[in-house]
Amino acid sequence: MSGARERVLIDEARIAQRVGALAEEILGGLAFEPRSGASERDALVMIPVLTGALVFTADLIRRMPVPLSVKPLTIQSYPGRATSSQGATLRDPVPGGLSGRHVIVVDDILDSGATLALLRDRILEQGPASLRICVLLRKLKERAAPVEADFAGFDIPDEFVVGYGLDYDGLYRNLPDIRVLEGVG
Ligand code: 5GP
Ligand code: MG
């Protein structure tokens, strides 16, 4: 880790403001009216991609005052000290029971698109009523896999970032802001 430098790209206040706006965008775009007092069956299903989307999802869902359930899964695409995608692998089974449900996948960052393309296809096999993809960050680059985010917090340059849930070799997830990590990888 010696030689690594951190440069703040997006500070806490900007993240908080944008996460609130994203929650409103998502709620405004819902293709159905989740009933208050709805059973789990009628609720929106949020699928956070762990571990990176942990912090973002925690903040986002607290800005969404509608019935929703959370069904996380873990995907690893940047093992250890890798700073470029090594291909996505599903470590957990994709949550079941999504047929006829309104599903929102929440991820930290859209990079090559491999992770979200894989997950999207697995979810679509179950026949959800709708499927939306929400990412906090979207790297401006060409994607290896054809996948678009329906909701994106910030477009960022193609640099390796950490903080607010994103790690390098397991560390930095607890930074309150998003920083570019220079001098690694
Ligand atoms: P993709 O499959 O789109 O290439 O990669 C998506 C996953 O790779 C993200 O969910 C995230 O976990 C990881 N990732 C991609 N870019 C970065 C980055 O700049 N920093 C960190 N920490 N993780 C990244
Ligand atoms: Mg991830």
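For the numbers below, each heavy atom of this structure counts, side chains included, while hydrogens, waters and symmetry mates do not. Counting starts at 1 for both ligands and their atoms, following the listed order. None of these values were measured; they are calculated from a predicted model.
- The shortest side-chain heavy-atom distance between V161 and Y172 does not fall under the 4.5 Å cut-off.
- The closest side-chain heavy-atom distance from R179 to I10 is not below 4.5 Å.
- Looking at D107 against ligand 1, only its side chain comes within 4.0 Å, counting heavy atoms.
- Between Y168 and F160, the ring planes lie perpendicular to each other; the angle is over 60°, past the 30° to 60° tilted range.
- Within the set V162, D167, I178, T51, the minimum heavy-atom distance to atom 22 (N) of ligand 1 is found for D167.
- Y164 and D108 share no side-chain donor-acceptor pair at under 3.5 Å.
- Not a single heavy atom of Y168 sits under 4.0 Å from any atom of ligand 1.
- D111 and K141 are joined by a salt bridge, as a carboxylate oxygen and a charged side-chain nitrogen come within less than 4.0 angstrom of each other.
- Under 4.0 angstrom from ligand 1, the non-hydrogen atoms of D108 all belong to its side chain.
- The closest approach between any non-hydrogen atom of A114 and ligand 1 is below 4.0 Å.
- The heavy atom nearest to atom 19 (O) of ligand 1, out of those in R173, R138, K139, K141, is found in K139.
- Between V161 and ligand 1, at least one pair of N/O atoms sits closer than 3.5 Å.
- Heavy-atom proximity to E159, at under 4.0 Å, picks out these atoms of ligand 1: 19 (O).
- Ion pairing between R7 and E159 holds under the 4.0 Å rule for side-chain N and carboxylate O.
- Taking each of G165, A117, S112, A144 in turn, the one with a heavy atom nearest to atom 4 (O) of ligand 1 proves to be S112.
- Of the polar atoms of G113, at least one N or O is found under 3.5 Å from an N or O of ligand 1, judged by distance alone.
- Note on L137 and V8: separate hydrophobic clusters, where clusters join Ile, Leu, Val, Met, Phe, Trp and Tyr whose side-chain heavy atoms are under 4.5 Å apart, directly or indirectly.
- Between R18 and E25, at least one side-chain N (NZ, or NE/NH1/NH2) sits under 4.0 Å from a carboxylate O, which counts as a salt bridge.
- The atoms of ligand 1 that sit less than 4.0 Å from any heavy atom of D111 are 1 (P), 3 (O), 4 (O), 5 (O), 15 (C), 16 (N).
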